[in-house]
Every structure is written in C-alpha cells, then in structure tokens.
Amino acid sequence: MPEISLEVPGRGIVAAAAGETAREVLERAGVLGDSVAARLNGRSVDLSTRVEADGRLAPVAPASPEGLEVLRHSTAHLMAQAVKRLFPAAQITIGPVIEDGFYYDFSFERPFTPEDLERIEREMQKIVAEDLAVARTVEARDAAVGRFLGMGEKYKAEIIGSIPAGEDVSLYGQGDFVDLCRGPHVPSTGRLGAFKLTHVAGAYWRGDERNEMLQRVYGTAWADRETLEAHLALLEEARKRDHRRLGPALDLFSLHSISPGIPFFHPRGTIVYNQLVAYVRSLYERYGYTEVVTPLIYKTELFKTSGHYDSYRDDMFLLRADEEEYGVKPMNCPGHVHLFAQGKKSYRDLPIRYADFSRLHRFERSGVLSGLTRVRGFSQDDAHVFCTPEQADEEFALFLRMTREVYDAFGFEDVAVAVETRPEKFLGEPALWDDAERTLQEGLRRAGFDYTLSPGDGAFYGPKIAFNFRDALKRSWTLSTIQVDCAMPDRFGIRYVRPDGAEGRPVMLHRAILGSIERFIAILVEHTAGDLPLWLAPEQVRVLSVTDRSAEYGEAVVRRLRAAGLRAELDSRNEKLGFKIRAAEMMKIPAVAVVGDKEASQDMVAPRWRGEGNRPAQALGEFLAEAVTRAAMPGTGEAASGPVGVD
RNA sequence: GCCACCCUAGCUCAGUUGGCAGAGCAACUGAUUCGUAAUCAGUAGGUCGCCGGUUCGACUCCGGCGGGUGGCUCCA
C-alpha cells in the first residue's frame, strides 16, 4: 500500500497507508478520544471513511458544532428506527438537523400521541443499549429507488427519484433500519443518549399546504446529559419570561376571545406603549419627520390602485357599507401616497417624511396568532419618505443612523441584517428592482453593516432590508425594515417638479424602526424578563409606609415625586413592610421608597432599587434627583443632541 | 386555514370506573400598627369555554363550535 502523509492538528504530519480508515489514523496519532466523526480536508466524514491521499485530518469532538450536527442527525435516524420498530406501517420521509435538535417527518395513519413519544423514546434508549454499528453503503440511484419501493417507503423513493439519474446515493444502515443520507454519522448507536423528544406537530409533505399532512416529531440532542439539562433549563427560563405570561401578570395587557388577536392594553401597558411612541416622536423631531393622521378605512378603490387588493386581499378586513366595498388598512402606504398626490410638489419640498402611528388591521389566519408578536391589530412607528432619486442614498443613510441610535438606546447588540430581494409575486419593473436592490446593498456597505441575502423574501412592492434582533433567549425577531417602493409611485402616478421645470417621479421609501409597537413590547418584556428600563416602567417609584403613622408623609412624598414628573404610587395598606416589599418586587417596580417614623420626621426616604437592594435612608430631595436622572428618556436630558444634519 | 393537544373561582392547579365542585394565592371584612420578598381569623366567589347528543343522572362519554398552546403554511 502506498504511503500517504496526513496533517493532524497538534500532531504534525502523520504517516498512513492509503486506504486506512480515519479512525485508525486518528487513533494512532493519539487524538481519537471520544470523537464522533472526522474532518478530512475541511469536510465532515465518517470515522470509517478510508483515507486515500495526502491531506488534513482532524477529529470531530461531540460538543463541537460539527459534532453536535452529527449527533443530532444520528439521533434523528435513531428515532426513525424506533418508530419503524413500534409502528411498521409508518413511512419515513425526511429528518434534518435544526437549531438545538432535529425532527423527523413520518407518514402514518394516525397522529402520534404524547404516550407514543414516551414509547418511542424508550425504544430509542433500547437501541442505544444495543449499540448497533452504523454502516455506510453506496448504491446506484435506481437501485436505491427500487430498494425503498420494495420496503413500501414511497416517500423515500420519491426523494431519491428526484436525485439526478445515474448518480450514486449513500445509505446508512443500523441493525434492521436503513435510510438515505449524505452523512456523516456516529460509528454506532451506543454513542447517542443525551436526547429528549419534545413535541409532535403536523407538517405538510415538501412544505406545501396542498400536500398530505405528515407527523413531525421534534427532539433535542446534546453531547452529554449536563448540556441537555442546561438546554431544558433554558427552555424553562424562556417559559417564565414569556410575555404572554408576564404581560398579564404585570397588568400590562390582556387578550380576550371577544377580539382574537387584538390586544387590550391596560393602563400600565398603555404607559409603556405611549412612552415608546413619545420616544420615536422625539427622534422624528430631530430627524426631520412630519407626523400625519390618516383614515383607517378606505374604499377598496385605493387598494386596487396600490396593488394591495390583488396581492394582499386575503389578509385584509373587508366590509360593505352603502353598497360600497371598504377595506380596513393593513398598511399606511396607500394613504400616504394618496396624501402626497394632493397639491403640486416641487423638488424644494423634498424630501417629505410622513410619519404615522395609525392602527393597522390584518386578517391573519387564525392558526398564526400569538400573544403580541403576531396580531390582527397593531400600530407601527411607520413612515414613508418621498424624495428625488438623487436624495435616495442620503435618506437611506439617515435611516441607518437613526436605527443605530435606537438600538444603542435599548442596548440591542445582537442584530443581523438581511437584504430581502424580489419575490415571485411582485409589482413594477424588474430593472427598477435590480437598481433598488443594488442601492440598498451599497448603502449598507458604506455604513459598515454586514448583511446576508435573503432571496425572494422582499415585499410585493419592493426589496427590503430587515434588521433581525436576537433576544436574551436567542430568538430572532424582525424589528426595523426599510423598503424601496418599485411600484406605488408609478401606480398612483405621483410627480414632483424638478429644477428644470420638467416633472419627475419621486422615490418612495417605507421604513419602521421599532416595527410593530405591540411586538416591540413583547420582545422588550422577554428580553428584560419584565424589568423594563426606568423611562418605560409604568410605575417608577412605589412609596411604602411602615405604619399608618407614616401614611400621610407617604402621600406628601408621592406628590413631590409626581411633581417632578415621576410615575409614583403609595402603598399604605395595613400590611407589614415585608409584604409590601414582596408585592413591589413581584410587580418589578424599579424603585421603592420606604417611609417610617424616622424618615417622616427628617424629610427622608429609605430607597431600595430593584436588583441593587436596600440603601441607607437619604434626603428625599437627593433620592428624587437621582430618580429623575435615571428616568430620563434616551436622547433627552444631559445627552440630548440637536437636529441631526438634515434639511 | 391545516395537524395535535389544552380550556374547572381573578391567578396557579386538584377532581377516583358517570352519582350534590375542591385547595393555595388574590379579593372582601375584622383584629393587629408591624422596618426591607407572604401577620392572624373570617366571608364571598363557579351555567366546570359554548351548543347539542347519549344516560335515571354528564365537569367526566360522543359530536359540533369558539378560544388558546406547539408546529406547518404565511408574516411586522
């Protein structure tokens, strides 16, 4: 056998015979350890892969990203094997790795029950104990199709059938089970074990709702028990932070079947809501926006012109009055274009930036509604910019500056930017789209944003940039978006007079920074676990009287705090101090001021800041000054800056 | 919209094979006047999501509808 040489990290060059397995080479190099696969020239391969030529070879540890991918994929196969043993009539389809775990889709005559999941999990553990060897074989495509048809696996045969004819496919077998798979996999089922099946759900075959509904079983898998437990603990933590639980508990909002998907904001939640709007308004003042108030309901004629009637009608609330069809607006843009078209506009008027906090209503399919994150009624910090083509770059840059300022204000750091391009169903000229997509990408590059491309995800009227924020629970949410409109200026025929007296078509941008205020509140509640920043907290200070003797002084303290613009309440209930402290903590009140005989006699309070604990009593004026400073809205007070360089 | 599961007091949850609906917390009343995460006692609170069926009898079994949860498909 010819000698080959392999570069193994930490071991330099290791000599091997061509045809030796990766496992043999790694073992001899003393780096096999508990690896579940190998990396050969940068590609993940099975440990049983034969090395035929010079190259680089490294072990893949179970806890490494590639290792976890292998474990999860192998665990998906393990589950499929268990399902086939328990339910031979079930047909296997696909079973990919997803974030933190895997799923496998089965076609079966009935849905799996939670009890089935437990049985499947036990069967999986049995197969782990059997420690079956996992073996890879290669077969011609048509032979593989025949093999799976022979086993009655018509879905699998269909998948393999869609691979180009004449190609070979790789199969992985373990005991009585075989599956089509690119691999790699762990060498034997005994290497698995730190997994848990989490839930079952329906899923359409090939993701198309016209197809059969399959049974999808989700699971999570990790390198060892400890990391599995840690992951389950994180899920538990997420459950505790869930805004649908915290929101009502903190008396912020509630949902009721009387209006599915449209939230009721309670007085406390309304304070948060209005503070966010006030914050955005303060930015608008500096960034040169003008606010408008526009109709909620329009004759559908408007939506026919804008294109919404054709592209978006199924998602709209339509109504009939006076023999006329009306639509509740799902977006502000058609109204704003209409508004722009009123009166003659000159280049001297541009850019025009219409901001609108109007409520929007979208008839979302019932199955997609969820808390405040997916609703049927909401409002956005929405605005539409109309400018000359020459101004478009600067307008885009301005938006990016504003976005950055807002994210800094909230301390949002983990933000990924995606450029979403022309979808299949679109309006306007493809050339316009290409231009717009290029403009967006160049602007991002100039502003120093990294981004990824998300082909086909744009809005029907133009390409879009989405700012996706990852919250404390590692979930991703679209907050800000900006879209170049390639359709509506033409459809509405809006114009402006250029310096040379000719008429031009203005460029239209759609943009939002917080996005939906409802969704933003949900994200903020979960990100902060309900500990909202002081400027947003519905009740900023709670004054606690120790006994009835200090209640009157407590009232005076509350009056002083309120006069200084703070949101303060008095708890003078006939309860012990410990009880009131607990109540304030559970409502996550940021600051507590205890007043007893001592404080009352000296014009003092004993502060207790949430997360910081008790402080010695201090003069009321001192406490008040600190609270006012801490409660400042971002971009105001000391740090306030003047107008941003526009207009 | 599709698949599965869930819906009992304001909240969190018990409720045996179909036989008079329960607890803790919250609320209310009284006592207590108390110093940093729950003082004690008492009172009230329910068309068991809604409608229909089976049954001598339904929170419990069956069907339909509504809402929610997890997914799928769609999306701020």
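By convention in this document, chain letters (A, B, ...) are assigned in the order of the sequence lines, proteins followed by strands, and residues within each chain are numbered from 1.
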message: Using a heavy-atom cut-off of 4.0 Å across all strands, would you classify A:V592 as base, sugar-phosphate, or nothing?
response: nothing

- Using a cut-off of 4.0 Å on non-hydrogen atoms, how would the nucleic acid contact of A:G578 be classed: base, sugar-phosphate, or nothing? sugar-phosphate

Testing B:A76, B:A38, B:U33 for proximity to the side chain of A:Q380, the answer is B:A76

5'-most contact on RNA chain B (nearest-nucleotide basis), A:E209 vs A:R610, goes to A:R610

Nearest-nucleotide check on RNA chain B, A:V594 vs A:G207; residue mapping nearer the 5' end is A:V594

Under-4.0 Å side-chain N/O to phosphate OP1/OP2 contact, A:R244 with B:G70 = yes

Stems with RNA chain B, 3 or more Watson-Crick or G-U pairs in a row (under 3.5 Å), are B:1-7 with B:66-72, B:10-13 with B:22-25, B:27-31 with B:39-43, B:49-53 with B:61-65

Practice problem: Pick the C1' atom in B:A38 and in B:A4, then give their distance to the nearest Å. | Solution: 40 Å

Q: Report yes if the ring of A:F378 lies under 5.5 Å from the six-membered base ring of B:A76 with planes under 30°, and no otherwise.
A: yes

Closest of B:C72, B:U36, B:C34 to the A:V368 side chain is B:C72

Practice item. Give A:E364 one of three labels, base, sugar-phosphate or nothing, depending on what nucleic acid heavy atoms sit under 4.0 Å from its own. Key: base

Taking B:G35, B:A37, B:G70 as options, the one with an atom nearest any side-chain atom of A:R582 is B:A37

Next on the checklist: In terms of relative ring orientation, are A:Y461 and A:H510 parallel, tilted or perpendicular, with 30° and 60° separating the classes?
Outcome noted: parallel

- Message: Between A:D381 and A:G515 (side chain of the first, backbone of the second, donor and acceptor by atom type, cut-off under 3.5 Å), is there such a pair?
- Response: yes

(message) Taking any heavy-atom pair under 4.0 Å as a contact, classify A:R573: base, sugar-phosphate, or nothing.
(response) sugar-phosphate

* With sugar-phosphate meaning primed atoms plus P, OP1 and OP2, does A:D208 contact a base, only sugar-phosphate, or nothing at under 4.0 Å between heavy atoms? -> nothing

What about A:R374: does its side chain form a donor-acceptor pair under 3.5 Å with the base of B:C75?
yes

- Query: Which part of the nucleic acid, if any, lies within contact of A:S257, taking any heavy atom under 4.0 Å across all strands shown: a base, the sugar-phosphate backbone alone, or nothing?
  - Reply: sugar-phosphate

Q: Looking at every strand, decide which applies to A:R216 at a 4.0 Å heavy-atom threshold: base, sugar-phosphate, or nothing.
A: sugar-phosphate

Describe the nucleic acid contact of A:K580 in one word from base, sugar-phosphate, nothing, applying a heavy-atom distance below 4.0 Å. nothing

Distance between C1' atoms of B:G45 and B:U8 (Å, rounded): 14 Å

Indicate, with a heavy-atom threshold strictly under 4.0 Å, whether A:E599 touches base, sugar-phosphate, or nothing.
-> base

Which of B:G67, B:C72, B:C34 is nearest the side chain of A:R549? It is B:C34

### B:U36 to B:A23 separation - P atoms, rounded to the nearest Å
33 Å

Measuring only the C1' atom in each nucleotide, how far is B:G46 from B:C20? A whole number of Å is fine. 14 Å

Looking only at B:G67, B:A76, B:C34, the nucleotide nearest the A:T478 side chain is B:A76

* Under 4.0 Å between a Lys/Arg side-chain N and an Asp/Glu carboxylate O for A:R630 and A:E626? -> yes

- Just wondering, do A:F303 and A:D310 contact through their side chains at under 4.5 Å, heavy atoms? no

Quiz item: Contact class for A:A512 vs. all strands (heavy atom < 4.0 Å): base, sugar-phosphate, or nothing?
Solution: nothing

A:S370 has its side chain closest, among B:G35, B:U69, B:A4, to B:U69

Within 45° of the six-membered ring axis of A:Y284 and under 6.0 Å from that ring's centre, is NZ or CZ of A:R281 located there?
no

Taking the ring of A:H527 and the ring of A:F469, is the distance between their centroids below 6.0 Å?
yes

From the candidates B:C34, B:A76, B:G71, the one with an atom nearest any side-chain atom of A:S516 is B:A76

Of the candidates B:C3, B:A37, B:G35, the side chain of A:Q215 sits closest to B:C3

Practice item. Measure up the A:F467 and A:Y407 rings against each other and bin them: parallel (under 30°), tilted (30 to 60°), perpendicular (over 60°). Key: perpendicular

| message | For a quick check of understanding: with a heavy-atom distance under 4.0 Å over all strands, which category does A:S366 fall into, base, sugar-phosphate or nothing? | response | base

Note to self: Distance check, C1' atoms only: B:U16 and B:C25, in whole angstrom units.
What the structure shows: 26 Å

Applying a 4.0 Å non-hydrogen cut-off, can you work out what A:R362 is touching in the nucleic acid: base, sugar-phosphate, or nothing?
base

Checklist entry - Taking the same atom, C1', in B:U60 and in B:G15, what whole-Å distance lies between them? => result 10 Å

(Q) On the six-membered ring of A:F460, is A:R422 placed so that its NZ or CZ lies under 6.0 angstrom from the centre and within 45° of the ring axis? (A) no

| request: Answer with base, sugar-phosphate or nothing: what part of the nucleic acid does A:L214 contact at a heavy-atom distance below 4.0 Å? | output: nothing

Quick note, A:L577 side chain, CB onward, closest among B:G35, B:U69, B:A4 is B:G35

Quick note, A:T547 side chain, CB onward, closest among B:C2, B:C74, B:C34 is B:C34

field: A:T220 (side chain) donor-acceptor with A:K196 (main chain) under 3.5 angstrom
entry: no

- Query: When only distance counts, do a donor and an acceptor, one from the side chain of A:Y204 and one from the base of B:G1, lie under 3.5 Å apart?
  - Reply: yes

**Asked** Between B:C2 and B:C59, how far is it from one C1' atom to the other, in whole Å?
**Response** 30 Å

Open item on the list: Say we look at B:G68 and B:G57: how far apart would their C1' atoms be, to the nearest angstrom?
Closed with: 32 Å

If you look at every strand shown and take non-hydrogen atoms under 4.0 Å, does A:G377 touch a base, only sugar-phosphate, or nothing?
-> nothing

Taking A:K84 first and then A:E153, would you say they form a salt bridge - that is, a charged N and a carboxylate O separated by under 4.0 Å? yes

